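Just so you know, these numbers come straight off a predicted model, no measurement behind them. In what follows, every heavy atom counts, from backbone to side chain, and hydrogens, waters and symmetry copies are set aside. Here, residue 1 is the first one in the sequence, and each next residue gets the next number.
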Amino acid sequence: MQNLNQYLTAAQQIQLAIAETRTDDVWLAESLPEVALLRAGMRRAKSANDVYELSSRIATGAGTAWKKSLTPSETIELAGLVRKGLQMTDSELTRAEAIKAAAEGRAITKAAVSAATTANTPALYYSSQQSGVTPLVPVVTRSLISMLSALGALPLPPNVRALVQPNLLQAAEITEGVPYPAAAPSTDVRLQSNRKFGFIAGFNNELVNLGTDAIVGFVQSTLEQGANNATDAAMVESITSAAGAAESTVNAAIRAFAGDIRTAAWIGNPETLATLRSAQETNVGPQGGTYYQLPALPVLAMPNGSLALIDVKRVAVFDGPQFIERTNEADVAFDTSPTSATQVQHLFQQNMSALKITKYADYSLLVNPVMVAV
């Protein structure tokens, strides 16, 4: 059966993973009504179009509006609709969205349940959620594959052969008795659908169960940063291996470049890019920019002190789907290089959850890049 979660945003995948471990529909409808609607809608989704429509409809009402509160009667009604799951009709889903819309414009007026505070419910709060404190979310840049795709790299589906002509061809004037020059395209390029990258991150249940925007954003950045770093490391290894010995100057690298310099881009470590600024080059820095009027892409996996010159139009990429899953019952070894002797953590006993991200991606360099030491 097709996994429809891949058509949700990363944030919605995390919200759904949190919701699926909650059995209290009333709590979910009261505390996270947009997540309750997401879970109900996904239970009845049959196709990618269903998921796209659901995701768009819920995202339209996302933001500060959902910080408002539902009345007790609306909470019970929405919880009842959520329980129906696959049996929810279109009219009932519309009614649930109407409840959501009503909540968007109303201040907190509940009297049946007192507001949760750090004083009466300290177990629900972390220091990062206290007034005036913001979670420290790491900077997440797009993966190199995503950046190249945005610049116009060939988006090749997996397991499909591509007709490729990597060289810059030029016809010749034909005089009497002189043979025509000839070239034939290659069909050797085929990307894999089963190449995947991923890792597992552990979080305390009291943290992730809150499901606030700040928590979802922190979890999402942690997972996506790890996946992006993995795909970048793999691609940088291929680039440096294909390039061979580095040139000593930028001019030498450009002369040695076999691709089309008009569609080329530089790839460099953010620290390296920060050192390239000069009176001539004022548009380059740790966040990228341009260098010699070519795009400069910041990639942490690139070795410091080196730049790679790559022909974007002669790179085939597969920027595949990513999946985020959650468990709170497994035994997990939280180690970047686990062995048989690595101690495992019992998630259920320690009130923890493990979220796993899996990213499918692949690439192929159709023209060898050039490295330069700077």
Side-chain angles (χ1 to χ4, degrees), residues 141-156 162-172 181-191 231-318 361-374:
T141 57
R142 290 184 299 171
S143 68
L144 178 55
I145 288 178
S146 296
M147 289 189 287
L148 291 174
S149 180
L151 287 177
L154 173 64
L156 184 63
L163 294 173
V164 176
Q165 182 54 65
N167 300 317
L168 297 176
L169 302 181
Q170 179 176 328
S186 168
T187 59
D188 293 337
V189 178
R190 184 169 61 179
L191 303 186
T231 58
D232 287 356
M235 193 167 188
V236 166
E237 182 179 358
S238 298
I239 289 172
T240 54
S241 176
E247 300 291 338
S248 57
T249 67
V250 170
N251 288 344
I254 294 175
R255 285 194 294 268
F257 188 54
D260 188 341
I261 194 63
R262 297 169 298 178
T263 58
W266 301 101
I267 302 172
N269 187 285
E271 291 185 18
T272 302
L273 297 180
T275 66
L276 299 179
R277 292 184 66 86
S278 65
Q280 171 189 326
E281 299 295 335
T282 60
N283 294 324
V284 65
Q287 295 185 353
T290 61
Y291 186 58
Y292 278 68
Q293 295 187 337
L294 297 176
L297 308 180
V299 176
L300 291 172
M302 276 293 294
N304 204 351
S306 298
L307 290 177
L309 186 60
I310 187 171
D311 190 340
V312 176
K313 294 293 187 179
R314 286 167 178 78
V315 177
V317 294
F318 169 50
D362 198 11
Y363 55 86
S364 180
L365 306 172
L366 309 183
V367 171
N368 285 346
V370 175
M371 296 289 291
V372 57
V374 293

> Does the side chain to side chain contact (heavy atoms under 4.5 Å, CB included) test come out yes or no for W266 and L309, once each step is laid out?
Replying inline: CA-CA 5 Å; W266 301 101; L309 186 60; 3.9 Å; yes
> Shortest non-hydrogen contact from I239 to A308?
Replying inline: CG2-CB, 3.8 Å
> If you measure from CD1 on I267 to CG on L273, what distance do you get to the nearest 0.5 Å?
Replying inline: 10.5 Å
>> Ignoring hydrogens, what is the shortest heavy-atom contact between E247 and A252? Give both atom names and the distance.
In response: OE1-CB, 3.7 Å
>> If I compare all heavy atoms of D260 with all of R262, which pair ends up nearest, and what's the gap?
In response: OD2-NH2, 2.7 Å
> What is the distance from atom OH of Y292 to atom CG of N251, rounded to the nearest 0.5 Å?
Replying inline: 5.0 Å
>> Would the distance check show the side chain of Y363 and the main-chain N or O of A234 forming a donor-acceptor pair, the cut-off being under 3.5 Å?
In response: yes
>> Using every non-hydrogen atom in the two residues, find where T272 and L307 come nearest and quote the distance to one decimal.
In response: CG2-CD2, 4.2 Å
> Would you find a donor on one side and an acceptor on the other, under 3.5 Å apart, between the side chain of S241 and the backbone of S238?
Replying inline: no
> Going from CG on D311 to CG on L366, what distance comes out if it is rounded to the nearest 0.5 angstrom?
Replying inline: 8.5 Å
> Has the side chain of S149 got a donor or acceptor atom that lies under 3.5 Å from a matching backbone atom of I145?
Replying inline: no
>> Main chain of M302, side chain of N269: is a donor-acceptor contact present, judged purely on distance under 3.5 Å?
In response: yes
> Picking from L365, T263, N368, what satisfies side-chain contact (heavy atoms from CB on, under 4.5 Å) with R314?
Replying inline: T263
>> So which atom in P286 and which in P298 form the shortest heavy-atom distance, rounded to 0.1 Å?
In response: O-CB, 3.5 Å
>> If I compare all heavy atoms of S248 with all of V372, which pair ends up nearest, and what's the gap?
In response: C-CG2, 4.2 Å
> Is there a side-chain contact between V299 and M235 (heavy atoms, below 4.5 Å)?
Replying inline: no
